[in-house]
Amino acid sequence: KATVSVLYWNAKMVVPEKGISVAELKKLPKVTFTSSEWKEYVTEQSPVAVKRITLLKKPEHIWDEEFLIEQADSDALFTVYSSEGQMLTDKNNDSDSPYAAKWVCPTQRLRLTAPQLKRIKAMKNRKKLYMLQDILRVGLGPKLEKQFAGFQWDVVDDIRKVAGFGKVTSHELCIWEPKCFRPAHYDEQDTIHAQLFGRRRVIVFHPAAYATLYPYPVSHPADKYSQLGEHIEKGTNPGPNYPRFPWAAEYARVVDLLPNEVLFLPSHWWLHDLAPSEKCTSMVLWCKPNREKQELQAQTVNILTAANMVTVRRNIEKLMVDKIGAMNAHKLWCCLERGKVPRSICLEEINVHVEEVQRITGLLLSHTKSWLLIKETVQGRFNNQPVECPQLEASDDEAHQDMDEMSDDF
């Protein structure tokens with residue numbers, strides 16, 4: 001429940017040499033459902049793990065591939081992701097993105113039946129790992145639908161209402177395999193994570209950690225994911241191109257979710273699923289935005305929260321992409337980060353767009369904080385992305401025009 005600063009970064013801060021050590025992270029609060037303590041967290045939009053919530057009326061059901069084979073129709077297809085470890089789900093190389101040509105998605109999306117998935121997992125010496133992640137829906141078979149209806153959803157629904165989350169729009173089943181992890185990412189919806197079987201260890205990061213986790217650009221195929229998921233998993237330091245990364249630990253909490261435990265995660269909080277040591281199954285409930293709650297917050301709170309600032313950053317990026325296209329927006333952000341403009345790009349045109357960005361941010365923040373926001377938005381997020389952009393390849397000083405006035409502020 002700690003209060004954190006949104007624009008906290010100071011270039012004079014000493015950067016730790018090590019990465020993020022999971023063993024040294026603070027624990028996320030875990031409280032019992034029978035106490036009233038969990039209500040304090042959820043009403044304050046803070047994540048919390050709640051234990052002793054029995055969702056399954058028949059806890060002996062494991063909800064793994066064997067269970068799906070028994071309960072689902074034999075030809076029912078499930079979405080499965082395969083990778084050598086890093087699971088970027090729902091991501092692929094979008095041909096419309098300027099980053100797609102040089103970005104290799106580490107995950108392959110498949111459509112398999114439960115028997116097919118079981119046969120693949122039984123193969124010896126296979127290199128790839130598999131994770132089933134799909135929405136439970138009508139059409140998977142009457143027996144499975146009956147099992148799903150047997151969940152005690154009224155308990156979760158009562159807690160959802162107390163938390164101020166909107167109505168549940170979908171239920172996503174996730175069957176994890178040992179050694180596969182899902183990198184840090186955030187969602188723009190409130191989510192409820194119910195653990196059904198096995199142990200699932202997760203790290204949650206406050207929305208203010210945005211500047212330390214270096215998310216991919218909005219127009220990148222891996223939008224909303226951190227570029228540094230593998231370093232979080234391994235506890236390594238990505239190096240000088242990402243100087244703020246070690247400070248992400250200050251905004252992180254770790255928790256082990258066991259069966260009959262539920263994690264309530266407000267929107268824009270980051271979630272990193274560490275590789276489990278055993279097979280585990282979880283259910284994710286996606287909640288519709290609660291407009292009444294958002295309007296009430298806007299009327300009573302005259303402060304931009306860290307979650308609000310994530311939305312501001314995203315909207316600035318989207319605005320530039322809509323105005324000048326994804327490739328030109330990429331050039332603009334690279335110029336801002338470098339403080340120099342290649343000869344092939346018109347400096348006056350760059351200044352026009354920069355003034356537009358500053359005008360928008362200036363409606364919300366002071367001049368100094370406006371520039372700090374822009375700086376945190378671009379640093380380490382665009383120049384580190386391989387893209388076919390020949391105008392930016394020249395690196396010698398003679399090939400660039402200095403952005404004197406801009407760089408003084410920047």
Side-chain angles (χ1 to χ4, degrees), residues 79-111 131 133 181-189 210-232 238 241-242 245 267-268 270-272 286 309-338 341-342 344-345 349-350 353-354 356-357 360 373-394:
T79 299
V80 177
Y81 296 92
S82 68
S83 171
E84 293 187 1
Q86 188 170 194
M87 296 292 182
L88 271 70
T89 57
D90 297 327
K91 301 299 174 185
N92 52 59
N93 281 18
D94 185 352
S95 59
D96 294 333
S97 169
Y99 308 99
K102 292 192 176 183
W103 182 69
V104 179
C105 182
T107 308
Q108 182 181 7
R109 184 177 182 271
L110 307 169
R111 294 286 287 171
M131 182 181 75
Q133 180 176 324
F181 68 95
R182 191 178 182 191
H185 61 283
Y186 66 90
D187 295 301
E188 295 181 277
Q189 289 180 262
Y210 183 97
T212 68
L213 292 175
Y214 299 92
Y216 285 97
V218 168
S219 54
H220 194 283
D223 176 31
K224 299 179 186 175
Y225 273 86
S226 169
Q227 300 176 38
L228 308 176
E230 195 167 356
H231 292 281
I232 298 174
N241 287 339
Y242 306 95
F245 172 69
S267 63
H268 299 96
W270 295 77
L271 180 70
H272 181 97
W286 296 81
M309 296 309 298
V310 174
T311 302
V312 170
R313 288 179 169 107
R314 290 187 62 82
N315 288 339
I316 289 173
E317 285 189 60
K318 288 179 180 178
L319 174 66
M320 287 298 103
V321 171
D322 290 342
K323 276 182 168 289
I324 60 178
M327 179 63 79
N328 287 327
H330 174 84
K331 298 173 188 176
L332 169 64
W333 303 129
C334 288
C335 291
L336 277 175
E337 181 171 353
R338 296 179 180 183
V341 181
S344 57
I345 297 179
E349 183 179 349
I350 286 288
H353 298 312
V354 171
E356 176 72 2
V357 172
I360 296 169
L373 172 68
I374 297 171
K375 184 176 182 179
E376 288 186 344
T377 299
V378 303
Q379 280 192 330
R381 296 185 57 228
F382 296 92
N383 276 323
N384 291 330
Q385 290 304 313
V387 62
E388 293 182 358
C389 191
Q391 295 93 328
L392 296 177
E393 290 178 356

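Computed over heavy atoms, backbone and side chain alike; hydrogens, waters and symmetry mates excluded.
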Under a 3.5 Å distance rule, please check whether [X] uses its side chain to pair with a backbone N or O of [Y] as donor and acceptor.
X      : Y      : answer
Thr377 : Arg313 : no
His185 : Ser226 : no
Tyr225 : Thr89  : yes

If I take atom [atom1] from residue [X] and atom [atom2] from residue [Y], how far apart are they, to the nearest 0.5 angstrom?
X      : Y      : atom1 : atom2 : result
Leu319 : Ile324 : CG    : CD1   : 9.0 Å
Thr107 : Glu84  : OG1   : CD    : 10.5 Å
Gln227 : Phe245 : CD    : CZ    : 11.5 Å
Arg109 : Thr79  : CZ    : OG1   : 4.5 Å
Ser97  : Met327 : OG    : CE    : 8.5 Å
Phe181 : Met131 : CZ    : CE    : 11.5 Å

**Request:** Using salt bridge (charged side-chain N to carboxylate O under 4.0 Å, His left out) as the criterion, list what pairs up with Asp223, not counting sequence neighbours.
**Result:** Arg314

**Complete:** Smallest heavy-atom separation, Pro183 atom then Met87 atom, equals CD-O, 3.2 Å

**Pair Leu88-Tyr81, side-chain contact (heavy atoms from CB on, under 4.5 Å): steps then yes or no** = CA-CA 8 Å; Leu88 271 70; Tyr81 296 92; over 6 Å; no

**Request:** Give a yes or no on whether the ring-centroid distance for Tyr99 and His330 is below 6.0 angstrom.
**Result:** yes

**Asked** Glu188 and His268: side-chain contact (heavy atoms from CB on, under 4.5 Å), yes or no, with the steps?
**Response** CA-CA 6 Å; Glu188 295 181 277; His268 299 96; 3.9 Å; yes

**Message:** Run the side-chain contact (heavy atoms from CB on, under 4.5 Å) test on His231 and Tyr242 for me, step by step, so that the C-alpha distance in whole Å, both residues' side-chain angles and the decisive distance to 0.1 Å come before the verdict.
**Reply:** CA-CA 11 Å; His231 292 281; Tyr242 306 95; over 6 Å; no

Quick one: side chains of residues 213-222, donor-acceptor pairs under 3.5 Å with protein atoms, not counting sequence neighbours, listed by atom name and distance.
from: Tyr214; atom 1: OH; to: Arg244; atom 2: N; distance (Å): 2.9
from: His220; atom 1: ND1; to: Ala222; atom 2: N; distance (Å): 2.9
from: His220; atom 1: NE2; to: Gln385; atom 2: OE1; distance (Å): 3.3

**Request:** Report yes if the side chains of Trp270 and Val310 come closer than 4.5 Å at any heavy-atom pair, otherwise no.
**Result:** no

**Message:** Check this for me: Lys318, atom NZ, are more than 12 non-hydrogen atoms of other residues, nucleotides or ligands nearer than 6.0 Å?
**Reply:** yes

